[in-house]
Amino acid sequence: MLDDRSRLLLKTLIERYIADGQPIGSRTLSRVPGLELSPATIRNVMADLEDLGLIASPHTSAGRVPTARGYRLFVDTMLTAQREALAAPTLPADQPQKVIASAANLLSSMSQFVGVVMAPRRGSVFRHIEFLRLSEKRLLLIIVAPDGDVQNRVLFTETDFTSSELIEASNYLNANFSGMAIEQVRTRLRQEVDKLRGEIAALMQAAVQAGSEAMNEAQDEVIISGERNLLAVSDFSSDMNQLRRAFELFEQKTQLMRLLDVSSQAEGVRIFIGGESQIVPVEDLSVVSAPYEVDGQVVGTLGVIGPTRMPYDRMIQIVDITSRLVTNALSQGGR
C-alpha cells in the first residue's frame, strides 16, 4: 500500500505526463503547487515508486513515465471523472446500421482517437423475405429483420425459377414463418417438405441457410472510425512498430471482438490498459469501453481506443454519454 505522499506524487506525475507527453523529473514536480516537497524527497519517493513497478525511466531521459501498472492504479483508485458539459449531439432513432456508424464517428470526433462499436446482437428472426431474379439460375435473397435491418444474399440455383414461382416461395415463407427464428424455420421446413414441390422446397431451404449465414455475419460486425487519428499521436508517430501493430489489430478485428465481448459482460465503463494483459495486445494502447442496451437488454459494446497517455476522465465521459445515446436511439427505433 502506498502512503498519502506517494499516492499524491504518483497521481501528479501521471496527470502531468498525460498533459505534456514528456518524462517527468523531480525538479518539475517540485514546482507543482500543492505538492510542497523538495527535489531530494521527490527523488526518494520516485525511486520507491519505480521499485514497485509503477513508474519507469526511459533510457534517454532522467525523468519518469507511468507503467501499465501505474496507470491501472491511477484509473482504479485516483481518477475522479469531472462532469463537464460535453456537447454531444443526439443520435436519430434510425436503422441500427446508421446508429452504429454514427456512434463510431461520434466517439472518434469527440475523443480525437479511434471509435469502435460492436454491432447489436439480435436473434436471427426475419419479418419479411423476398426473392429477386437477377439472371438465369441467379437470385437475390432479401431478408428484412423486425428492426428494419436488411441483409442481401446472392443465390445460385440448379433450377431457373420463374417470377411467379419466386413469389409463391416468398409468400409461403412470409405467411407461415414471419417472426420466427431462422433455426425454427429450418426445422419446420424439414417437416413440411413433402407438402411442397421439390424445386420450391429446395429454394426455401437454400434461402434459410443463406439467411442464417447473413444474420450471423451481421452479428460479428465491428465498426471502426478514426484510425488515422493515431498518426497524430506522438506516442505512435515516434514508434512505427507500435503503430503497425495497432493497425493490424484494427484490420484483423478478431481480438477487438474478444475485447468488446468481455466488456459487454460488465456494467458501466471499463478500462483496458495495454501491457498489463493479452486482452490489449499493443503495449501503448488503452481501451475505454461500455455496453449499450436495447429496452434494458445489453446487445453490444462501444469504446475509444487511444494511447495509454490519454485523458481517462474525459474518455470515460465520452464513452458513457455515447453509450446512453446509442441505447436511447436503438430503443426508440425498435418501437
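Keep in mind the model is a prediction, meaning the values are calculated, not measured. Residue numbers start at 1 and run along the sequence shown.
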Nearest heavy atoms of [X] and [Y], plus distance in Å:
{"X": "I223", "Y": "A104", "answer": "CG2-CB, 3.8 Å"}
{"X": "V233", "Y": "P307", "answer": "CG1-CG, 3.7 Å"}
{"X": "G303", "Y": "L107", "answer": "O-CD1, 3.4 Å"}
{"X": "V114", "Y": "G226", "answer": "CG2-O, 3.6 Å"}
{"X": "A246", "Y": "L285", "answer": "CB-CD1, 4.0 Å"}
{"X": "A206", "Y": "L155", "answer": "O-CD2, 4.2 Å"}

Could you tell me whether the side chain of [X] and the main chain of [Y] form a donor-acceptor pair under 3.5 Å?
{"X": "E36", "Y": "P33", "answer": "no"}
{"X": "T157", "Y": "T159", "answer": "yes"}
{"X": "S178", "Y": "A175", "answer": "no"}
{"X": "D20", "Y": "Q22", "answer": "no"}
{"X": "S323", "Y": "V319", "answer": "no"}
{"X": "R72", "Y": "I271", "answer": "yes"}
{"X": "T67", "Y": "L54", "answer": "yes"}
{"X": "S26", "Y": "I42", "answer": "no"}

Given side chain to side chain donor-acceptor pair (under 3.5 Å), test T41 with N44 step by step and report yes or no. CA-CA 5 Å; T41 301; N44 290 334; 5.5 Å; no
For the residue pair [X] and [Y], establish whether any side-chain heavy-atom pair is separated by less than 4.5 Å.
{"X": "I18", "Y": "M310", "result": "no"}
{"X": "S163", "Y": "F131", "result": "no"}
{"X": "F74", "Y": "I273", "result": "no"}
{"X": "L230", "Y": "L243", "result": "yes"}
{"X": "V154", "Y": "R138", "result": "yes"}
{"X": "L73", "Y": "L10", "result": "yes"}
{"X": "P58", "Y": "V65", "result": "yes"}
{"X": "F236", "Y": "L231", "result": "no"}

Using a cut-off of 6.0 Å, state whether more than 12 heavy atoms not belonging to [X] lie near its atom [atom1].
{"X": "E248", "atom1": "CD", "result": "yes"}
{"X": "D51", "atom1": "CG", "result": "yes"}
{"X": "R244", "atom1": "CZ", "result": "yes"}

Do the side chains of [X] and [Y] get close enough for a salt bridge, i.e. N-O under 4.0 angstrom?
{"X": "R64", "Y": "E50", "value": "yes"}
{"X": "D284", "Y": "R309", "value": "no"}
{"X": "R324", "Y": "D320", "value": "yes"}

So, taking the atom named [atom1] in [X] and the one named [atom2] in [Y], what distance separates them when rounded to the nearest 0.5 Å?
{"X": "M110", "Y": "F113", "atom1": "CE", "atom2": "CZ", "result": "13.0 Å"}
{"X": "L173", "Y": "E130", "atom1": "CG", "atom2": "CD", "result": "12.0 Å"}
{"X": "N174", "Y": "H128", "atom1": "CG", "atom2": "NE2", "result": "5.0 Å"}
{"X": "L37", "Y": "S30", "atom1": "CG", "atom2": "OG", "result": "9.0 Å"}
{"X": "L8", "Y": "L13", "atom1": "CG", "atom2": "CG", "result": "11.0 Å"}
{"X": "T322", "Y": "Q317", "atom1": "OG1", "atom2": "CD", "result": "11.0 Å"}

Mind running side chain to side chain contact (heavy atoms under 4.5 Å, CB included) on T28 and R16 for me, showing each step along the way? CA-CA 9 Å; T28 299; R16 289 300 298 266; 4.0 Å; yes
Testing the 3.5 Å rule here: is there a donor-acceptor pair between the side chains of [X] and [Y]?
{"X": "N229", "Y": "S108", "result": "yes"}
{"X": "T162", "Y": "S164", "result": "yes"}
{"X": "S286", "Y": "Y312", "result": "yes"}

Side-chain heavy atoms nearer than 4.5 Å, only ILVMFWY residues, links allowed to pass through others: does that put V150 and L140 together?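 Same hydrophobic cluster.
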Is it possible for you to say whether I167 and L132 belong to one hydrophobic cluster, with membership spreading through side-chain heavy-atom contacts below 4.5 Å?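 No, it is not one cluster - the side chains of I167 and L132 are not joined through contacts under 4.5 Å.
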Run the side chain to side chain contact (heavy atoms under 4.5 Å, CB included) check on K11 and E15 step by step: do they pass? CA-CA 6 Å; K11 181 175 184 289; E15 289 173 342; 2.7 Å; yes
What verdict does the side chain to side chain contact (heavy atoms under 4.5 Å, CB included) test give for Y292 and V117, after you've listed the backbone C-alpha separation in whole Å, the side-chain angles of each residue and the deciding distance to 0.1 Å? CA-CA 10 Å; Y292 62 88; V117 185; 4.0 Å; yes
Measure the acute angle between the ring planes of Y71 and Y17, then classify it against the limits of 30° and 60° as parallel, tilted or perpendicular.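 If you compare the ring of Y71 with that of Y17, the planes turn out tilted.
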In this structure, which one of L29, L2, I24 forms a side chain to side chain contact (heavy atoms under 4.5 Å, CB included) with L9?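 Only match with L9 under side chain to side chain contact (heavy atoms under 4.5 Å, CB included): L29.
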Set out, in order, the CA-CA distance, both residues' side-chain angles and the distance that settles side chain to side chain contact (heavy atoms under 4.5 Å, CB included) for E283 and Q242, then state yes or no. CA-CA 8 Å; E283 187 173 340; Q242 286 283 69; 3.5 Å; yes
